[in-house]
**Q** 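A single structure is presented below for examination.
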Protein chains: 2
Amino acid sequence: METRIDRIKKQLHAASYKLTPQREATVRILLDHEEDHLSAEDVYLLVKDIAPEIGLATVYRTLELLTELKIVDKINFGDGVSRYDLRQEGAAHFHHHLVCLECGAVDEIQEDLLEDVEADVEKRWNFQIKDHRLTFHGICWRCNDLGADKPEKDA
Amino acid sequence: METRIDRIKKQLHAASYKLTPQREATVRILLDHEEDHLSAEDVYLLVKDIAPEIGLATVYRTLELLTELKIVDKINFGDGVSRYDLRQEGAAHFHHHLVCLECGAVDEIQEDLLEDVEADVEKRWNFQIKDHRLTFHGICWRCNDLGADKPEKDA
DNA sequence: TACCAGTTAAGAATGATTCTAAATAATAAG
DNA sequence: CTTATTATTTAGAATCATTCTTAACTGGTA
């Protein structure tokens, strides 16, 4: 079976870039932390464990390259740091986020949800949508004491 | 008639802050540029014209204060600068933005559009929504040569 | 071997934002 | 009206994330 890394390697080659050891190490870290929303600094510290000779600037350049190729998404929750997420394979659009104002947790919504809204906007504002960013700020299920359990698995 | 400034003054007083001359000058600039999406630096340069002795740090502090009081919204389009928008009076939620990938123009959508989506998210993810951020990236009506005219006025 | 384009590390440079210290203005008490 | 107290301000230093610069290194190739 073709691994995720192999497919990323092909994507790089298709754009005539190489999967250098530094880039591979960076991608591996991203794969190992798919659930998190790592900052460039976070990635750097983690990559150093498996490739100690790497430089911070290289991590930045790699993340920028992966963003250009739509392999990762660069997100900004307004806290002054850019965060990087592996994009779901085959996803046309950026996924959404739920940011908890209490505990700071960031959960993801993989579903689109915006199909109707987008059609409406394209028509009425004559705007050709290429991508979107949607973030909800509020209180997550963990902080909402009302005896609720984790809901995403039920959805 | 009570002016917008008066009402903002009351909001400040209600939170036991004062409308100092520097704060008033800053608010006036924001009122005069409601259509734009000014960065802190932009605001600073404009405020200096009417209150030359103001410091950049004061502008930052003022904008931060106004953000806390929900008088302005702090936005981040991912270009490394925070921008500030006067919130529509009475608006419960943040308004949305259309960012053009061609010309960089930023248009606003004042309508909510997300009522149905929010109800769905609150129920299924057990997440109590306080606010949202929605930005569409694409090609605006100006850059879309297909002979279209400004659509927002028709909406 | 010598060359060439792509890639890298290290650290300097930049740019936005926040912090610090001292000065100033407003407020309250006597 | 003074004096003490507190909030607010300025200017510039400090910080933090990010990008740039330079020189070194790599792999492929004539």
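So you know, we letter chains A, B, ... as the sequences are listed, proteins then strands, and number each from 1.
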**Q** Please report, rounded to the nearest Å, how far the P atom of C/dA16 is from the CG atom of B/Leu38.
**A**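 These atoms are roughly 14 Å apart.
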**Q** Can you list the residues that meet the ring-ring contact (aromatic ring centres under 6.0 Å, His included) rule with A/His97, with sequence neighbours excluded?
**A**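 Per chain and number, A/His97 pairs via ring-ring contact (aromatic ring centres under 6.0 Å, His included) with A/His37, A/Phe77, A/Phe94, A/His95.
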**Q** Roughly how many Å is it from CG in A/Leu63 to P in C/dT8, rounded to a whole number?
**A**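 The distance from CG of A/Leu63 to P of C/dT8 comes to 12 Å, rounded to the nearest Å.
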**Q** About how many Å separate SG of A/Cys140 and CG of A/Asp107, when rounded to the nearest 0.5 Å?
**A**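 Rounded to the nearest 0.5 Å, the CG-SG separation comes out at 6.5 Å.
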**Q** Under 3.5 Å, side-chain donor or acceptor atoms of residues 46-70 of chain A against the rest of the protein: list the pairs with distances, not counting sequence neighbours.
**A**
from, atom 1, to, atom 2, distance (Å)
A/Lys48, NZ, A/Tyr44, OH, 3.1
A/Thr62, OG1, A/Thr58, O, 2.8
A/Thr67, OG1, A/Leu63, O, 2.6

**Q** Does D/dT19 have OP1 or OP2 under 4.0 Å away from a side-chain N or O of A/Tyr60?
**A**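 Answer no for this pair, as no side-chain N or O of A/Tyr60 is under 4.0 Å from OP1 or OP2.
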**Q** Just report the end-to-end axis angle for the helix from C/dT1-D/dA30 to C/dG30-D/dC1, five pairs per end, to 10 degrees.
**A**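 Terminal axis comparison yields 0°.
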**Q** Any residue in residues 11-32 of chain A with a heavy atom nearer than 4.0 angstrom to DNA chain C? Just list them by number, or reply none.
**A**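 Heavy-atom cutoff 4.0 Å gives A/Tyr17, A/Lys18, A/Thr20, A/Gln22, A/Arg23.
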**Q** To the nearest angstrom, how far is B/Glu64 atom CD from C/dC19 atom C1'?
**A**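 In whole Å, C/dC19 C1' lies 12 Å from B/Glu64 CD.
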**Q** Would B/Arg87 and B/Glu34 pass as an ion pair if we require N to O under 4.0 Å?
**A**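 No.
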**Q** Distance from A/Phe127 atom CZ to B/Phe136 atom CZ, nearest 0.5 Å?
**A**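 Result: 8.5 Å between the selected atoms.
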**Q** If you group Ile, Leu, Val, Met, Phe, Trp and Tyr by side-chain heavy-atom gaps below 4.5 Å, do B/Leu38 and B/Val81 land in one group?
**A**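 The answer is no; the residues belong to distinct hydrophobic clusters.
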**Q** Does this structure show an ion pair linking A/Glu24 with A/Lys18, if we count only N-O contacts that are shorter than 4.0 Å?
**A**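 A/Lys18 and A/Glu24: not salt-bridged.
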**Q** Could you list, one pair per line, each protein nitrogen or oxygen that sits under 3.5 Å from a nitrogen or oxygen of nucleotides 10-15 of chain C, together with the distance?
**A**
none

**Q** Looking only at side chains, do A/His132 and A/Glu118 share a donor and an acceptor under 3.5 Å apart?
**A**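 Yes, side-chain donor-acceptor contact under 3.5 Å.
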**Q** Between B/Ser82 and C/dA16, is there a contact of a side-chain N or O with OP1 or OP2 at under 4.0 Å?
**A**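 False: B/Ser82 side-chain N/O out of range (4.0 Å or more) of C/dA16 OP1/OP2.
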**Q** Test of understanding: clusters of I, L, V, M, F, W, Y form through side-chain heavy atoms closer than 4.5 Å, transitively. Do A/Leu134 and B/Val99 belong to the same one?
**A**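 As far as the 4.5 Å side-chain criterion goes, B/Val99 and A/Leu134 are not connected within one cluster.
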**Q** What is the distance, to the nearest angstrom, from the CD atom on B/Glu68 to the P atom on C/dT18?
**A**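 Spelled out: CD on B/Glu68 to P on C/dT18 is 12 Å.
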**Q** Between P on D/dA17 and CG on B/Asp79, what's the gap in Å once rounded to a whole number?
**A**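 Distance, rounded to whole Å: 18 Å.
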**Q** Could you give me the CA-CA distance, side-chain angles and deciding distance for B/His96 and B/Thr135, then say whether side chain to side chain contact (heavy atoms under 4.5 Å, CB included) is met?
**A** CA-CA 6 Å; B/His96 316 308; B/Thr135 305; over 6 Å; no
**Q** Under the side-chain contact (heavy atoms from CB on, under 4.5 Å) rule, collect the residues that match up with A/Glu122, sequence neighbours excluded.
**A**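 Only A/Ile129 meet the side-chain contact (heavy atoms from CB on, under 4.5 Å) criterion with A/Glu122.
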